[in-house]
There are 2 protein chains.
Amino acid sequence: MTRTDDSRYLKGGPVAQRIIASVREDAAIAAAEGFPPKLVSITVGDTAAVDVYVRNQRAKAALAGIGFEERRFAADITAGELEAAIHGLNADPRVTGIIIQRPVPAHIPIKTLQAAVHPLKDVEGMHPASIGNIVYNQLDLAPCTAAASVELLKETGLELKGLEVVVVGHSEIVGKPIAFLLMSEGATVTVCHHMTRSVATHARRADALFVAVGKPRLIKADMVKPGACVIDIGINSEIGPDGESRIVGDVDTDSVKEVASWITPVPSGVGPLTVAILLRNTMVALNRQRALYRATYGVADQLAAE
Amino acid sequence: MTRTDDSRYLKGGPVAQRIIASVREDAAIAAAEGFPPKLVSITVGDTAAVDVYVRNQRAKAALAGIGFEERRFAADITAGELEAAIHGLNADPRVTGIIIQRPVPAHIPIKTLQAAVHPLKDVEGMHPASIGNIVYNQLDLAPCTAAASVELLKETGLELKGLEVVVVGHSEIVGKPIAFLLMSEGATVTVCHHMTRSVATHARRADALFVAVGKPRLIKADMVKPGACVIDIGINSEIGPDGESRIVGDVDTDSVKEVASWITPVPSGVGPLTVAILLRNTMVALNRQRALYRATYGVADQLAAE
């Protein structure tokens with residue numbers, strides 16, 4: 001397909017491969033030192049919607065040499081029981097990171113679960129303390145989609161200091177973390193959303209435009225500054241002219257790519273990179289845990305080895 | 001002095017009085033129910049620079065009916081000993097909130113101390129988890145100066161949804177929290193700083209302009225949109241034409257007040273309000289602690305009473 005061969009396309013796949021190769025080296029060293037990294041995935045109730053994601057995580061973890069264990073809980077489990085299970089994983093030194101697959105049944109408050117994961121095992125970067133740490137310029141463990149989006153911007157080689165960035169979408173785990181990550185890198189960041197008077201006015205002055213709102217083709221060519229970098233984080237399902245279901249982003253890619261210098265395709269832009277970031281976060285978490293062991297016990301790393 | 005009688009001035013004093021009166025009512029009720037609120041102030045080493053602040057906090061706490069205890073530690077205390085003292089206060093049910101007076105001696109890492117305060121006792125709103133909670137739209141406990149600045153904007157009666165806000169200064173405890181607080185209220189927020197290409201270009205389109213950079217008179221009249229609200233958070237000491245030392249903000253108040261519709265004077269704008277916010281945060285912390293007691297023990301509030 002000629003479209004994705006266009007050099008303007010910022011594809012996630014090659015970056016993901018590079019990150020996974022690097023994680024694989026680090027994971028092998030850690031394992032040899034007695035700290036094999038391991039993820040635990042928690043699913044609750046009907047998992048049909050998440051099975052494809054979990055399978056993908058498991059496959060990529062295997063590529064990186066990271067253990068992956070699935071724990072499946074019944075749909076009628078109480079929030080308290082689930083919290084207790086998470087506390088057990090928090091206390092288990094063989095577990096490096098905990099992933100809570102969404103959605104969970106409606107009677108389980110997802111934010112309570114995310115907050116129950118110990119910040120040192122929060123590989124998804126969603127605990128309030130993880131978000132706060134980004135604000136405090138500790139940027140190495142961030143929510144996966146936000147970090148993947150920023151990683152693709154860095155691929156352009158654009159100087160981040162002073163870069164005019166506009167983020168459309170102010171969600172807690174995508175839009176806002178992208179904003180703090182880039183503020184910390186020296187960019188000048190504006191966050192727009194559904195209450196913004198004129199998104200177009202802001203979008204048109206952006207050197208880098210991030211879009212994460214879930215509205216197909218919201219961003220048209222006339223809303224993009226010539227030469228800009230456009231990172232499309234939307235994932236929308238729609239019926240194409242051929243009657244088939246397809247995935248499209250929040251950006252009208254065909255027209256915008258004639259104006260932008262770089263644009264992420266959907267799918268195969270940000271998407272493939274998020275799991276690689278999850279694995280990289282796992283190594284960050286492992287290193288933080290090992291630093292805590294050293295600080296606490298002041299002995300050789302072998303202590304916590306099995 | 002006619003200047004501060006100008007109706008364009010947003011003064012912190014009257015708002016502070018209103019907040020303290022409200023805190024006083026809540027504190028009296030909590031005390032009657034067996035939960036008298038109490039602050040502990042920690043100073044380390046030479047306290048000359050902070051004595052005036054601590055005295056003011058003590059006086060305002062007394063006005064609000066909140067206990068205030070000072071703990072002074074020697075300059076040569078280790079970070080570990082100080083952390084241990086903080087953990088003791090975390091565990092003491094009679095202590096509602098812990099204030100770490102800055103500066104501390106250079107050998108003590110201030111961020112480690114702030115992170116040692118339990119988030120439920122973090123009345124200064126500086127723990128990473130407190131910052132993260134703001135990002136997650138839990139806005140009732142924020143860093144005092146940031147919250148005071150937003151409180152003064154609210155005094156104007158301007159509709160925050162869709163308001164174009166520009167924050168000049170991206171510090172972790174002032175600029176960034178102002179940005180998240182206002183994003184959560186529906187404003188469109190841009191954060192500028194010393195790497196921003198043109199602060200003036202952004203400042204000129206702001207309906208509300210917050211300035212917290214520590215540069216006397218950085219913001220001139222030609223950088224302000226007519227009718228804007230200007231919140232000046234700078235506190236700079238300089239020698240006036242009369243040879244006397246005086247405090248000025250980051251805004252050239254005399255010229256900007258001819259353009260802006262509202263402006264905070266320095267001093268007596270944001271400053272007087274910060275301690276009132278600290279006391280309000282104390283009541284928020286107390287209520288969260290009581291909610292935890294109820295959730296944990298499932299018994300009447302009297303349990304934790306002395």
Side-chain angles (χ1 to χ4, degrees), chain A residues 80 83 110-112 114-115 119 122 125-138 141 143 146 159-173 175-177 179-180 182-199 201-202 205-207 295, chain B residues 80 83 110-112 114-115 119 122 125-138 141 143 146 159-173 175-177 179-180 182-199 201-202 205-207 295:
Chain A
E83 273 189 79
I110 181 73
K111 286 187 183 177
T112 309
Q114 285 164 352
D122 178 34
M126 290 189 180
H127 191 286
S130 301
I131 301 281
N133 282 331
I134 303 174
V135 177
Y136 275 111
N137 300 311
Q138 192 177 355
L141 201 158
E159 170 65 52
L160 298 185
K161 287 191 176 61
L163 198 74
E164 289 284 334
V165 173
V166 172
V167 179
V168 184
H170 66 159
S171 75
E172 293 92 348
I173 56 169
K176 289 184 190 175
F180 323 144
L182 289 171
M183 277 178 207
S184 288
E185 301 268 14
T188 303
V189 184
T190 302
V191 178
C192 299
H193 42 70
H194 65 282
M195 286 168 277
T196 296
R197 283 182 212 147
S198 169
V199 171
T201 304
H202 286 287
R205 60 174 181 74
D207 301 321
Chain B
E83 273 189 78
I110 181 74
K111 284 187 185 177
T112 309
Q114 284 165 351
D122 177 34
M126 289 189 181
H127 191 285
S130 302
I131 301 280
N133 282 331
I134 302 172
V135 176
Y136 276 111
N137 301 311
Q138 192 177 354
L141 200 158
E159 170 65 51
L160 299 186
K161 287 190 176 63
L163 199 72
E164 289 285 335
V165 172
V166 173
V167 179
V168 184
H170 65 161
S171 75
E172 293 92 348
I173 56 170
K176 288 184 190 176
F180 323 144
L182 289 171
M183 278 178 207
S184 288
E185 300 269 14
T188 302
V189 184
T190 301
V191 178
C192 300
H193 42 70
H194 64 283
M195 286 169 278
T196 296
R197 283 182 211 147
S198 170
V199 171
T201 305
H202 286 289
R205 60 175 181 73
D207 300 321

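At a 4.5 Å heavy-atom cutoff, the contact between V189(A) and chain B is made by backbone atoms alone. For a residue to count as touching a neighbouring chain, one of its non-hydrogen atoms must lie under 4.5 Å from one of that chain's; by this rule Q114(A) touches chain B with the side chain only. Contact of H202(B) with chain A is made through the side chain alone, with heavy-atom distances under 4.5 Å. Using a 4.5 Å cut-off between heavy atoms, I173(A) contacts chain B through its side chain alone, with no backbone atom that close. Only the backbone of A187(A) comes within less than 4.5 Å of a heavy atom in chain B; its side chain stays farther off.
The most heavy-atom pairs under 4.5 Å with chain A, out of M183(B), Q138(B), K161(B), H127(B), come from M183(B). Interface check for chain B: of the options T190(A), I131(A), V199(A), the most heavy-atom pairs under 4.5 Å are formed by T190(A).
The pair E164(B)-R197(A) fails the salt-bridge criterion, with no side-chain N (NZ, NE, NH1 or NH2) lying under 4.0 Å from an Asp/Glu carboxylate O.
Residues V135(A) and E172(B) come closest through the heavy atom pair O-CG, 3.3 Å.
Atom CD1 in I134(A) sits 9.5 Å away from atom NZ in K176(B) (nearest 0.5 Å). We find the NE2-OG1 distance between H170(A) and T188(B) to be 9.5 Å, quoted to the nearest 0.5 Å. Between the CG atom in N133(B) and the NZ atom in K111(A) there is a gap of 9.5 Å [rounded to 0.5 Å].
Put simply, the side chain of S130(B) never gets that close to the backbone of M126(B): no donor and acceptor are under 3.5 Å apart.
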